[in-house]
Amino acid sequence: MTRKILVTSALPYANGSIHLGHLVEYIQTDIWVRFQKMQGNECYYVCADDTHGTPVMLRAQKEGITPETLIARMHTEHLSDFTSFHISFDNYYSTNSNENRALSESVFKRLQSANLISIREVEQFYDPEKKMFLPDRFIKGECPKCHAKDQYGDSCEVCGSAYDPIELIEPRSAISGVEPVRKSSEHYFFRLSECSQFLRKYATEAHLQPEAAHKMDEWFEQGLKDWDISRDAPYFGFEIPGTHEKYFYVWLDAPIGYMASFMNLAKRISLDFGEYWGADAKNELYHFIGKDILYFHALFWPATLHYSGFRTPTRIFAHGFLTVDGEKMSKSRGTFITARSFLEHFNPETLRYYFATKLTNHIEDIDLNFDNFISRVNSDLVGKFINIASRTAGFIQKQFQGKLASTLDNPGLLETFSKAAPIISDAYEAREYSRAIREIMRLSDLANLYIDENKPWIMAKNTNEDKRLHEVLTVAINAFRLLTLYLKPVLPAMAEKIEAFLQIPPMGFKDCNTYLLDHTIAPYEHLLQRVEMENAEKLIKANRDNLTSTVSREIMPDKDISISIEDFQRIDLRVAQILSAEIVEGSDKLLRLILDIGESKKTVLSGIRTSYSPEKLTNRLVIMVNNLIPKKMRFGLSEGMVLTAGDTDIFLIAPDIGAKPGMKIH
RNA sequence: GGUGAUGUAGCUCAGCUGGUUAGAGCACGGGAUUCAUAACCCCGGGGUCGGCAGUUCAAUUCUGCCCAUCACCA
């Protein structure tokens, strides 16, 4: 039976860039969603930018733009980062939408009629200069316990104690620096204390992870407190209906953003909203979240939903945080790594794979250790998995014109692979990705061992063993196909490349019992570069450097980096045509290119062999730096360089069709 | 401070409800091999399973205490 499933990840806040910590969650969720789709289930994955609240408002002010402009920019940036990491949202929306406003208002009104909203006076710090109430994080002062200076209003980073902002010694507004005054105002409260019976029941039914259930018990024991859901103007958010200058606290409308994003999707592709969110909806609903926001998702959110006439989540899946080299991510250490900078140094799928080897269904922190990352990617992905195709495909091409045999040498091996499908899919379903990966790597070892035992390279020398050779290779390629299928939720882009190589339609789990026989495959091209420690070092350095220049870069160009137009014009860039390309003997990476630049020819030694084979380059147009001082290398003279993009995967830069060799570039 | 989680080979981690000589991958040493981007295959060294007590015929696995690390405190 086809399950109907709606999945969400927590909404990233529109005040900062996506970093590797965020990606743990999106990658975890995306693997699960892709797995569900491969199982043939109807599964939708929605998310949105979380756009409201004081930090967004203040940042927009600081940049001199409207909050709407800021959140539009962040939305574009976030979505582009997610897309690069192959996060396959069915909808990526915004909490600042008409749907979300309508739903938030309606939820509020229904809670009001259920008599779950109360109004109370609250005394808070107020910045008399900025004329606004200050959230705890925007008040700084001396810690009342350990007397450390310059601590936030809610807790001390030095001694770790938590307190009320009013206890701070010599409090200051972090925005204006003036001393805040105490001022009272009317606040709206959601009477969570009235919901504890319902929530206790819900906590049991939702089958929370043991750690989460434990935490819930702790909260129940302490007694649930009412929740302040209003904020005073100025505030960027939705005004509360029937009030003047009172706004919904961002945490009220943020989870409603899940519904709003789905509503927007539902309209577009004609889904029934009620089947997913109605009070008695039967479809499944899952939220993936970080452990820090369990309180909001396991208490406020189900209560809000239930008492406003909607369904509650089927399950809530919490995960731990990311540490880097065993320590909390730190901007000054350069381990606060942004998604974007990772992409400049590594293939995104290497991170997806690494996280998959670490992720379990427990709320445990996972560690990014670069030594470990490099060894996992190089030995598992390149050395074990890809190696299977790499060491056999050549024979299929050369000896059998790319065609697989119609019979198998050892069907038993492939049966073992097929039989592993339920083990692997159970592990994915249970979010025990590390278990799935262990099993897949065990199978990869079996495949490599099988090839080793049968030694196709020996058989290839004896023509009388052709039939057996053909069958052995066919088993190997089929093993590779099944491994690809099993890894596909984790490595979607690579799986797509491999499907093109095997010339087969997109695979799903139902394909785990069929084999490719009497079928022609394409020539093999290498699928993944090894990763190197050097790149990790560059990545960390880039993030450390970025810290110091972030502020100035947003406001004015950095003088050290900026160049004048005259500086640029000193570089003589020309369109060039590759007349010939050949491998430089004795070198790992170099190709010798003979380039036509109109009036003359030049020789360039270029380190692009890892990404381009010479036979593919002849007649291509490229861009070359013509006035570079010629460099004498061990293998001869190089009279310039050709422009490329990327560090590990290298891409030649090419002019548009019609350009002629020798044309100057300005 | 309160609460929780974790602590198994150099590194990253498996070890289900307690039961024969505690496992894997990587790293390391030796061998074999050359099809594969030095990848792959075989063999090996290496662990008082954080410490101390207790329950038990038997504890890495259960209980208590201690130590260390990490996280959370709406």
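Per chain, numbering begins at 1; letters A, B, ... match sequence-line order.
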When you check the gap from the basic side-chain N to the acidic O, do A:Lys358 and A:Asp367 get nearer than 4.0 Å? no
Pairwise C1' distance for B:A5 and B:C41, with rounding to whole Å: 41 Å
Strand partner of B:A59, provided both Watson-Crick or wobble distances fall under 3.5 Å: none
For the C1' atoms, the ones on B:U6 and on B:C13, what distance do you get once it is rounded to whole angstrom? 13 Å
Counting only side-chain heavy atoms from C-beta out, which of B:C35, B:U12, B:A39 sits nearest to A:Asp452? B:C35
Would you indicate which nucleotide in B:A71, B:A14, B:U3 comes nearest to any side-chain atom of A:Arg438? B:A14
Any idea which of B:C13, B:C35, B:G25 is nearest the A:Asp445 side chain? B:G25
From B:A36, B:U12, B:A71, nucleotide with atom closest to A:Ser390 side chain: B:A36
On a whole-Å scale, what distance lies between the C1' atoms belonging to B:C26 and B:U63? 37 Å
Of the candidates B:A14, B:U33, B:G25, the side chain of A:Lys384 sits closest to B:G25
Are A:Phe198 and A:His306, when compared by the centres of their aromatic rings, separated by less than 6.0 Å? yes
A:Phe373 atom CZ is separated from B:C13 atom C1', nearest whole Å, by 18 Å
For salt bridge (Lys or Arg N to Asp or Glu O under 4.0 Å), just list the numbers for A:Glu349 and A:Arg352, CA-CA rounded to whole Å, side-chain angles, deciding distance to a tenth of an Å, and then say yes or no. CA-CA 5 Å; A:Glu349 289 191 301; A:Arg352 292 179 64 106; 5.2 Å; no
Return the nucleotide paired to B:A68: Watson-Crick means purine N1 to pyrimidine N3 with N6-O4 or O6-N4, wobble means G-U with N1-O2 and O6-N3, both under 3.5 Å. B:U6
Out of B:C70, B:U12, B:U34, minimum distance to the side chain of A:Trp457 belongs to B:U34
B:U3, B:C26, B:C35: which one has an atom nearest the side-chain heavy atoms of A:Lys215? B:U3
If we take the P atom in both B:G51 and B:C72, what is their distance in whole Å? 28 Å
Distance check: side-chain N/O of A:Lys358 vs OP1/OP2 of B:C13, anything under 4.0 Å? yes
Separation between the P atoms of B:A36 and B:A22, rounded to whole Å: 42 Å
A:Ile451 side-chain proximity, nearest of B:C35, B:C26, B:A39: B:C35
Gap in Å between the two C1' atoms, one belonging to B:A27 and one to B:G64, rounded: 39 Å
Is a salt bridge present between A:Glu194 and A:Arg191, judged by a nitrogen-to-oxygen distance below 4.0 Å? yes
Pair A:Arg435 + A:Glu439, salt bridge at N-O below 4.0 Å: no
Whole-angstrom distance between B:U21 and B:U48, as gauged at atom C1': 16 Å
When rounded to whole Å, the CG to P distance for the pair A:Asn448 and B:U33 reads 19 Å
Taking the inter-plane angle between the rings of A:Trp227 and A:Phe300 on a 0 to 90° scale, is it parallel (under 30°), tilted (30 to 60°) or perpendicular (over 60°)? parallel
Among B:A36, B:C35, B:U12, the nucleotide that comes nearest once only the side chain of A:Asn372 is considered: B:U12
Please state the C1' separation for the pair B:G7 and B:A14 - nearest whole angstrom. 15 Å
